[in-house]
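Structure incoming, see below.
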Amino acid sequence: MTTSAPSAHAPDGLVLAGGYDPELALLKGFFRVWIDGCDKEVRPLLEWQFLGRAKHFRPVTLFACHEAVSAEPIDDSVIRSAAALEMVHNVSLIIDDILDRSRFRREVLTLHCRFGLLPALMCAGYVTAAAFELIGHHQWAVHRIAELFKRLAVAESLQWRLRRAPLGVEDWRHLAGEDTGTMFEMCACLGGGDERLRHYGRLLGTLYHGCDDVADVRGAVALGGGGAQDVRDGILTLPAALAIRNPDVAVHFRNPTPTGIEVLLHELEEVLPAAERYLDGLAGEAAQEAERVAPNPAPLTRLVQNTRLLSQ
């Protein structure tokens with residue numbers, strides 16, 4: 001996978017601001033019990049991957065969507081759906097870290113660096129099977145997880161094929177919507193129990209993706225270029241899509257050199273105000289969609305507000 005993993009710029013409190021601490025505790029407890037019941041050969045890998053630091057933004061989204069459409073409490077079925085989504089997310093992280101040759105994630109060794117390449121790949125396969133097994137009693141949920149896996153595979157392949165292509169903001173929006181947006185779409189569907197929040201989920205995920213893009217640029221600038229992996233790989237981020245509207249900048253995006261990367265980083269910093277304005281508009285769309293479709297939109301609009309802060 002070529003997309004950069006969500007950055008750790010946001011404090012954990014932003015994620016927990018929705019008031020879902022008890023539900024997250026239930027989710028963590030679920031993973032502890034599930035891991036204890038897994039084969040001892042993979043148990044250490046699962047503990048390393050699932051029981052460390054995590055932002056849990058996707059489960060929080062699923063819980064908020066449930067609250068937005070239902071007066072029923074978050075029960076075991078909702079927790080299991082959240083766990084299945086987290087499993088899919090972690091499969092993507094494991095593969096992402098391998099392809100990016102990342103040694104650390106959130107200041108902890110990545111799974112393949114701690115246990116080796118083959119065990120990490122086998123663990124990803126194990127978790128994939130477990131996600132389907134977890135919700136096998138609910139065919140509609142199984143289809144949503146299957147849809148998620150298929151769309152992520154297509155999105156990552158498309159993004160890889162289009163790397164270094166000087167595309168526009170609408171192209172970025174499509175790619176972000178099919179990558180991160182798809183994950184949040186499925187959070188919205190599984191949390192809401194039907195399709196009515198699907199578009200809201202896509203908008204929220206695209207906003208998350210864009211805020212992460214901007215936060216990565218801020219980190220790269222602050223670290224003197226240390227966070228420039230997307231620039232080197234030619235990934236179409238939101239700031240890149242804005243910057244390469246200038247043909248002179250697009251040349252450096254297509255054929256990055258050490259000097260060209262420095263030019264690109266400078267240009268990406270210059271377009272950050274425009275990127276923030278674009279994200280404001282996207283946040284407005286998500287909030288309007290929440291008001292339009294949800295009986296109780298407050299959890300969804302609060303989530304939009306928290307997400308919008310991630311670029312700061």
Side-chain angles (χ1 to χ4, degrees), residues 1-16 24 27-28 31-32 35 38 41-60 85-128 152 156 159-160 163 176 179-180 183 205 208-235 237 239-240 256 258 261-262 264-265 268 307 309-312:
M1 295 184 182
T2 57
T3 248
S4 58
S7 60
H9 299 291
D12 293 339
L14 278 178
V15 176
L16 302 182
L24 289 176
L27 180 64
K28 292 173 184 177
F31 275 121
R32 177 71 271 177
I35 291 170
C38 290
E41 187 67 30
V42 296
R43 205 176 299 154
L45 288 85
L46 297 173
E47 290 174 341
W48 191 267
Q49 187 67 26
F50 285 93
L51 300 184
R53 291 182 61 193
K55 291 184 286 185
H56 289 125
F57 215 108
R58 289 151 189 83
V60 166
L85 257 299
E86 272 295 276
M87 288 176 178
V88 178
H89 177 50
N90 275 273
V91 169
S92 73
L93 295 183
I94 293 167
I95 297 172
D96 198 30
D97 287 340
I98 290 171
L99 292 183
D100 287 345
R101 299 175 182 173
S102 300
R103 285 189 52 77
F104 293 94
R105 178 176 289 277
R106 305 186 192 104
E107 301 178 346
V108 176
L109 274 175
T110 51
L111 193 71
H112 69 284
C113 286
R114 174 63 179 83
F115 295 96
L117 181 59
L118 185 141
L121 289 171
M122 294 300 101
C123 182
Y126 188 98
V127 173
T128 299
L152 286 176
E156 295 295 344
Q159 187 170 233
W160 178 257
R163 67 195 188 282
D179 184 356
T180 311
M183 186 77 73
Y208 183 98
H209 193 115
C211 288
D212 189 64
D213 284 351
V214 170
D216 282 345
V217 172
R218 295 194 192 285
V221 172
L223 296 172
Q229 181 171 321
D230 281 344
V231 174
R232 291 193 302 269
D233 291 345
I235 301 303
T237 63
I261 288 175
E262 293 301 318
L264 281 169
L265 287 174
L268 294 181
T307 304
L309 294 174
L310 296 177
S311 70
Q312 310 295 315

Let's go through Val127 and Phe50 carefully: what are the C-alpha distance in whole Å and the side-chain angles of both, what is the deciding distance for side chain to side chain contact (heavy atoms under 4.5 Å, CB included) to 0.1 Å, and is it a yes or a no?
CA-CA 11 Å; Val127 173; Phe50 285 93; 3.9 Å; yes
Would a distance-only check, ignoring hydrogens and angles, find a side-chain to backbone donor-acceptor pair under 3.5 Å from Arg105 to Thr110?
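Not at all, since once roles are kept as given, no pair shorter than 3.5 Å links the two residues.
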Value rounded to 0.5 Å, distance of OG1 in Thr307 from CZ in Phe57:
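Thr307 atom OG1 to Phe57 atom CZ measures 3.0 Å (nearest 0.5 Å).
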In Å and rounded to the nearest 0.5 Å, what is the CZ to CG distance from Arg103 to Asp97?
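These two atoms lie 12.0 Å from each other.
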With a 4.5 Å limit on heavy-atom distance, are the side chains of Glu86 and Pro59 in contact?
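Glu86 vs Pro59: side chains touch.
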What is the minimum heavy-atom distance between His209 and Asp179, and which atoms define it?
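So the minimum-distance heavy-atom pair works out to CE1-OD2, 3.8 Å.
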Taking Pro239 as the fixed residue, which of Asp216, Val217, Leu264, Leu265 is the one that meets the side-chain contact (heavy atoms from CB on, under 4.5 Å) rule?
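With Pro239 as partner, side-chain contact (heavy atoms from CB on, under 4.5 Å) holds for just one option, Val217.
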Under a 4.5 Å cut-off applied to non-hydrogen side-chain atoms, are Tyr126 and Cys38 in contact?
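Result yes, sub-4.5 Å side-chain heavy-atom pair found.
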A side-chain contact here means heavy atoms from C-beta on lying under 4.5 Å apart; do His112 and Ile94 qualify?
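With C-beta onward as the side chain, the pair stays apart.
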Hey, what do you get for CD (Glu156) to CG (Leu99), rounding to the nearest 0.5 Å?
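It is 9.0 Å, given to the nearest 0.5 Å.
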Ignoring hydrogens, what is the shortest heavy-atom contact between Ile261 and Pro256? Give both atom names and the distance.
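Looking at all heavy atoms of both residues, the shortest contact is CG1-CB, 4.0 Å.
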Examine distances only and state if a side-chain atom of Thr128 and a backbone atom of Ala124 form a donor-acceptor pair shorter than 3.5 Å.
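Pair found, side chain donor or acceptor close to backbone of Ala124.
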Using 0.5 Å steps for rounding, measure from the CD atom of Glu47 to the CZ atom of Arg32.
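Going from CD on Glu47 over to CZ on Arg32, the span is 4.5 Å.
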Quick one: OG on Ser92 to CE on Met183, what's the gap to the nearest 0.5 Å?
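Between Ser92 OG and Met183 CE, I get 4.5 Å after rounding to 0.5 Å.
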Nearest 0.5 Å please: distance from the CG atom of Asp213 over to the CD1 atom of Ile235.
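One gets 10.0 Å once the value is rounded to the nearest 0.5 Å.
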Taking C-beta and beyond as the side chain, do Leu46 and Phe31 meet within less than 4.5 Å on heavy atoms?
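Side-chain contact under 4.5 Å: no.
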Hey, are the side chains of Met122 and Phe115 touching, using non-hydrogen atoms and a 4.5 Å cut-off?
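Met122 vs Phe115: side chains apart.
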Which residues pass the side-chain hydrogen bond (donor to acceptor under 3.5 Å, both in side chains) test with Ser311, not counting sequence neighbours?
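Checked Ser311 against side-chain hydrogen bond (donor to acceptor under 3.5 Å, both in side chains); matches are Glu276, Arg308.
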Cation over ring, Arg58 on Tyr208, under 6.0 Å and within 45°?
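Geometry flag: set, cation within 6.0 Å and 45°.
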CD (Gln312) with more than 12 external heavy atoms under 6.0 Å:
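More than 12 within 6.0 Å, yes.
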For Asn90 and Leu111, what are the C-alpha separation, side-chain angles and deciding distance, and is it a side chain to side chain contact (heavy atoms under 4.5 Å, CB included)?
CA-CA 10 Å; Asn90 275 273; Leu111 193 71; over 6 Å; no
Side chain proximity check, Leu310 to Val214, heavy atoms < 4.5 angstrom
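Of all side-chain heavy-atom pairs linking Val214 with Leu310, none is under 4.5 Å.
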